[in-house]
Amino acid sequence: MITRTKYDPKEVEPKWQSQWDADQIYHASDNSSKPNFYNLVMFPYPSGDLHMGHWYNYSPFDAYGRFKRMQGYNVMQPIGFDAFGLPAENAAIKRGIQARTWTLSNIDNMRKQLRAMGAQWDWQREVVTCQPEYYKWTQWLFLQFYKQGLAYRTKAPANWCSSCNTTLANEQVLADNTCERCGSVVIRKEIDQWLLKISSYAERLLDFAEVEDWPEKTITMQRNWIGRSEGAEIRFKAEIAGQQEEIPVFTTRPDTIYGATFFVLAPEHPWVEKITTPEQQAEVEAYVGQARRMTEIERMSSEKEKSGVFTGGYVTNPVSGEKTPVWIADYVLMSYGAGAIMGVPAHDQRDFEFARKFSITIREVIRASDEEPSDPTTWTEAREALGELVNSGPFNGTPAAEAKARVIDYIEEKGIGTRKINYRLRDWLISRQRYWGAPIPIVYCPEHGTVPVPEDQLPVWLPENVQFKATGESPLRYEPDFVNTTCPVCGGPATREADTMDTFIDSSWYYLRYADPHNSEVPWSPEKMQQWLPVNQYVGGIEHAILHLLYARFFIKALHDMGHITFDEPFKRLFHQGMVLGADGQKMSKSRGNVEAPDKYVEKYGTDTVRCYMMFIGPFDAGGSFRAENLEGIWRFLNRVWSLIGESWIDHPNTVETKDSQAIERLRHKTIKRVTEDLKHFHFNTALAGLMEFNNALIKQQHNPVAQSATYQKALQTLLQLLAPFAPHITEELWQQSNHKNSIHTSEWPVYEEELTKDEAFTLVIQLNGKVRERIEVAADISEEEVRTLALNNPRVQSFIGTAKILKVIYVPGKLVNIVVRPA
RNA sequence: GGGGCGAUGGCGGAAUGGUAGACGCAGGAGACUUAAAAUCUCCCGGCUGAAAGGCUGUGAGGGUUCGACUCCCUCUCGCCCCA
């Protein structure tokens with residue numbers, strides 16, 4: 001028997017948290033006889049507080065990890081901090097506090113909160129990306145990329161956020177051309193920068209054969225971002241100052257080359273200057289200046305009226321030999337393809353609009369077989385569908401699909417172009433002109449140029465007490481002790497690269513370090529890698545679909561090719577949680593005033609209630625509103641579990657069973673099945689509903705004789721075990737109070753027998769023409785014949801049938817019988 | 001503009017093509033209490049009916065089917081991605 005006490009989470013929760021810590025029950029051993037399971041959640045940025053989103057994300061994630069542990073896996077569930085980044089630096093500027101101090105004190109606070117959550121974190125594996133022990137290896141990885149030619153420096157127009165005072169990768173610029181971090185408009189700025197050659201992995205990144213279970217949506221988003229298009233690069237001829245020159249264009253429709261009635265250069269194209277005639281110069285220069293002030297998004301908008309200027313120059317179509325006027329227009333982007341296009345107004349909508357605006361000839365070169373010849377000047381839009389070639393010299397009559405290949409063959413034969421696959425994916429710009437990040441380990445020597453810092457000199461320490469000036473350059477540039485160094489090759493005076501790395505580099509490999517977090521010789525040992533990676537289950541927000549998740553895949557593929565790891569995909573299974581919203585159904589934000597801090601509810605109800613509530617809001621991938629009043633329901637539920645066990649647990653149950661025993665045993669098996677299946681599929685809300693039903697059913701019987709039986713007592717035990725992943729503290733307390741010596745979290749997950757999940761009887765529904773008319777209790781093994789007899793002879797059913805004619809009777813075993821009748 | 005996801009009581013949500021609304025919140029009635037809170041019992045989509053029951057009902061409109069929240073088509077609204 002258990003002494004009856006009131007459920008007090010304040011007493012129960014800290015007690016077990018300390019006990020678990022002391023017993024180290026959540027540390028994943030590297031030498032376990034059990035199968036390993038790597039359960040990973042995206043690590044937090046140390047903003048200082050765990051907010052509602054973290055709780056919403058981590059609670060179900062942890063329940064899943066606990067479920068796997070009870071199922072017999074050696075679960076590794078690490079946590080760490082994505083600790084470099086702008087907020088710390090901004091705090092440093094604003095409040096004169098050291099970025100490092102600010103970050104570490106935030107981490108301390110968040111550690112406390114993470115512990116209070118009662119999740120099974122393996123603290124021995126914690127990684128903090130701003131610590132030299134970590135960023136040393138971030139720098140080491142950069143050097144490996146550099147050695148492979150996968151890291152390079154170039155001067156080119158880059159995305160620049162004037163508010164963050166730094167460059168951004170393409171992935172960090174939102175569709176409306178704003179900074180994904182601060183929302184300011186992003187401009188273009190010519191600047192020296194380091195890039196990683198992610199584009200050379202474009203094809204490999206399109207291949208998802210090695211992932212086990214990723215949301216289709218995320219795969220599609222990555223594929224769209226990579227943006228593969230097949231076509232050809234065709235070189236148009238130009239005569240510049242008496243010289244024969246060639247200007248390449250990229251096209252996905254080489255079959256339409258005879259329809260190219262104009263040629264367009266992007267305003268920034270290096271050829272613009274050369275090809276423009278003196279008469280057109282003023283107009284062209286004005287247009288270029290205007291285009292520069294616009295964002296790519298504005299330029300690409302299909303709503304915007306087409307604009308452009310004739311350069312006065314001409315190029316020669318290398319296939320048709322036609323002389324073609326050269327225009328510049330802002331709808332052609334320097335960053336895509338060759339920065340130049342052949343304008344085929346008849347078969348490309350944007351070219352069509354452009355030709356209309358400037359009265360350029362529209363020549364039809366593709367015609368569907370059922371189409372009559374028509375005058376293209378009467379068309380209202382371009383005809384982008386495939387058909388047969390017309391007005392195309394030797395290619396007339398060829399189906400367009402086939403013509404694509406034939407035209408490409410032809411240009412390759414003639415040496416005027418090549419087959420080409422173009423990708424939208426650009427190289428990853430990783431230089432940040434900011435302080436709080438891992439320094440790029442490069443030295444510039446007047447003698448030896450760009451020299452990588454030797455590996456044995458890592459880390460390149462990030463200095464403290466730096467001066468912040470809003471110059472748009474890295475603060476490190478003004479730190480003489482940092483910048484001034486010696487050349488690793490000749491020992492002469494040299495300067496260090498002052499930019500730091502994009503923090504997405506840090507997060508591209510943190511999950512590798514968790515497997516071997518304290519290794520000071522190498523970033524990870526091959527054995528540990530083999531043992532733990534790839535990650536079995538990864539949980540995190542869909543906002544990283546084409547940021548972190550693409551970068552991490554790139555890292556893994558590159559490291560695989562370098563021979564540092566043996567696998568090709570970092571995350572086997574991926575799950576995106578939904579977003580937790582305010583009570584008004586809107587995104588939580590200070591400006592809306594609907595932000596709720598979890599801490600006060602943890603204080604009031606305890607961790608277990610808050611955890612369970614997070615899972616009960618709705619489907620994990622759907623997100624939902626946090627409504628404080630709904631916590632009451634979970635609180636009552638846990639209290640009912642508490643009093644049920646407290647009042648009903650007995651050490652030595654009767655061996656005598658009662659008539660209700662069988663029903664309880666069946667419900668127990670049904671509930672095990674239900675909760676197990678739901679947890680497997682991340683359906684935490686319905687799993688909890690099943691546990692509530694189980695609890696309610698047991699409460700109904702708790703004062704009946706069956707409560708003394710071994711069957712009932714076993715059901716109580718199962719209830720605790722099934723609830724343990726959701727509410728780890730209360731279940732541990734009740735488990736140990738009911739005479740178990742070991743932790744409930746190391747107990748074995750209950751198993752069910754399929755046979756016992758089936759009821760002996762069921763409610764047979766009798767329908768007439770699909771409408772429910774009667775319900776009767778029948779035995780589970782009832783025959784179809786009996787069902788027909790029972791249904792047709794049922795008085796209520798008969799009164800509905802009346803004189804109607806029975807057409808057929810459909811029986812769905814275990815469910816219902818539908819009698820189809822036609823009125824007489 | 002293209003593609004994807006979604007819309008179910010007052011609210012959050014549940015339903016392998018087979019009893020719509022499980023589970024919970026809020027609400028109502030009652031029990032206990034000097035009283036309140038907590039707890040317990042019952043009710044709770046709409047219309048109708050004394051009740052049994054009947055009719056109706058899953059954003060709107062069509063379709064397939066013995067049977068549609070579920071599948072198909074069209075539309076409206078909301079969110080996301082690519083333009």
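A, B, ... follow the sequence lines: proteins, then strands. Residue 1 opens every chain. Everything numeric in this text was worked out from a predicted model, so none of it was measured.
Considering CG of A:Asn704 and NZ of A:Lys700, their distance stands at 11.0 Å, rounded to 0.5 Å. Atom CD1 of A:Ile617 sits about 12.0 Å away from atom SG of A:Cys612, to the nearest 0.5 Å. To the nearest 0.5 angstrom, A:Phe554 atom CZ is 15.0 Å from A:Leu549 atom CG. Here CG of A:Leu206 is found 11.0 Å from CD1 of A:Ile219. Values are rounded to the nearest 0.5 Å. For the atom pair NE2 of A:His729 and OG1 of A:Thr609, the computed distance is 11.0 Å after rounding to the nearest 0.5 Å.
Look at the P atom in both B:rU74 and B:rC79: the space between them is 23 Å, to the nearest Å. The C1' atoms of B:rC11 and B:rU64 are separated by 35 Å, rounded to the nearest whole Å. Atom C1' of B:rG45 sits at a distance of 15 Å from the matching atom of B:rA26, rounded to the whole Å. For the C1' atom pair drawn from B:rG17 and B:rC71, the interatomic distance equals 8 Å after rounding to whole Å. Distance check on atom P: B:rG2 versus B:rC69 gives 30 Å, rounded to whole Å. A distance of about 11 Å separates the C1' atoms of B:rG21 and B:rG57, rounded to the whole Å. One P atom belongs to B:rG30, the other to B:rA36, and the distance between them is 12 Å to the nearest Å. The separation of B:rG9 from B:rG59, taken at their C1' atoms, amounts to 15 Å, rounded to a whole angstrom.
Of the candidates B:rG12, B:rG24, B:rC80, B:rG24 carries the atom nearest the A:Met692 side chain, counting heavy atoms from C-beta on. Of the candidates B:rU19, B:rC23, B:rG13, B:rU19 carries the atom nearest the A:Leu816 side chain, counting heavy atoms from C-beta on. Nearest nucleotide to the A:Asn224 side chain, out of B:rA14, B:rC82, B:rG24: B:rC82. Picking from B:rG18, B:rC81, B:rC23 the nucleotide with the shortest atom distance to the side chain of A:Asn696 gives B:rC23. The side chain of A:Lys808 has B:rC66 as its nearest neighbour among B:rG12, B:rC66, B:rC81. Distances were taken from every side-chain heavy atom of A:Val812 (C-beta onward) to each of B:rC40, B:rG18, B:rC66; the shortest belongs to B:rG18. Distance from the side chain of A:Phe616 is smallest for B:rG24 among the nucleotides B:rC82, B:rG24, B:rA22. Ranking B:rU19, B:rA14, B:rC82 by closeness to the A:Gln767 side chain, first place goes to B:rU19.
Defined by atom type and a distance below 3.5 Å, a donor-acceptor pair is present between the side-chain atoms of A:Ser199 and A:Asp427.
Rounded to whole angstrom, the span from the OH atom of A:Tyr613 across to the P atom of B:rG24 amounts to 15 Å. Distance NZ (A:Lys673) to C1' (B:rU16): 11 Å, rounded to an integer number of Å. When the P atom of B:rA14 is taken as reference, atom CG of A:Asp678 falls 11 Å away, rounded to whole Å. Rounded to whole angstrom, the span from the CZ atom of A:Phe684 across to the C1' atom of B:rG12 amounts to 18 Å. Atom pair A:Tyr811:OH and B:rG67:C1' shows a separation of 16 Å (rounding to whole Å applied). Residue A:Glu632 contributes atom CD, which lies 21 Å from atom P of B:rC11 at whole-angstrom precision. Taking atom NZ of residue A:Lys6 and atom C1' of nucleotide B:rA37, one finds them 12 Å apart after rounding to whole Å. Whole-Å rounding puts the A:Glu774 CD to B:rA52 P distance at 14 Å.
Phosphate contact (OP1/OP2 of B:rG24, side-chain N/O of A:Arg636, threshold under 4.0 Å): absent. In this model, the phosphate group of B:rU19 is not approached by any side-chain N or O of A:Asn818 to a distance below 4.0 Å at OP1 or OP2. Look at A:Asn639 and you won't find any side-chain N or O under 4.0 angstrom from OP1 or OP2 of B:rA38.
Considering A:Gln702, A:His703, A:Gln701 in turn, A:Gln702 is the only one that fulfils the side chain to side chain donor-acceptor pair (under 3.5 Å) rule with A:Ser648.
In B:rG9 the base sits syn relative to the sugar, since the glycosidic angle is no further than 90° from 0.
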Polar atom pairs between nucleotides 53-56 of chain B and protein, under 3.5 Å, N or O only, would you list them?
{"unit_1": "B:rG54", "atom_1": "OP1", "unit_2": "A:Arg773", "atom_2": "NH1", "d": "3.4"}
{"unit_1": "B:rG54", "atom_1": "OP1", "unit_2": "A:Arg796", "atom_2": "NH2", "d": "2.8"}
{"unit_1": "B:rC55", "atom_1": "OP1", "unit_2": "A:Arg773", "atom_2": "NH2", "d": "3.1"}
{"unit_1": "B:rC55", "atom_1": "OP2", "unit_2": "A:Arg773", "atom_2": "NH1", "d": "3.1"}
{"unit_1": "B:rU56", "atom_1": "OP2", "unit_2": "A:Lys771", "atom_2": "NZ", "d": "2.9"}

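Note: A:Tyr601 and A:Phe626 have tilted aromatic rings, judged against thresholds of 30 and 60 degrees for the angle between ring planes. The aromatic rings of A:Phe504 and A:His544 stand perpendicular to each other, their planes meeting at an angle above 60°, with 30° marking the opposite boundary. Taking the six-membered ring where the residue is Trp, A:Phe620 and A:Phe684 present perpendicular rings, their angle passing 60° and hence far from 30°. Between A:Tyr64 and A:Phe682, the ring planes are tilted. Angles from 30° to 60° get that label.
Remark: A:Arg668 engages A:Glu665 in a salt bridge, criterion side-chain N to carboxylate O under 4.0 Å.
Paired regions of RNA chain B, where each region holds three or more successive Watson-Crick or G-U pairs whose two hydrogen-bonding distances fall under 3.5 Å, are B:1-7 with B:76-82, B:10-12 with B:23-25, B:27-31 with B:39-43, B:45-48 with B:53-56, B:59-63 with B:71-75.
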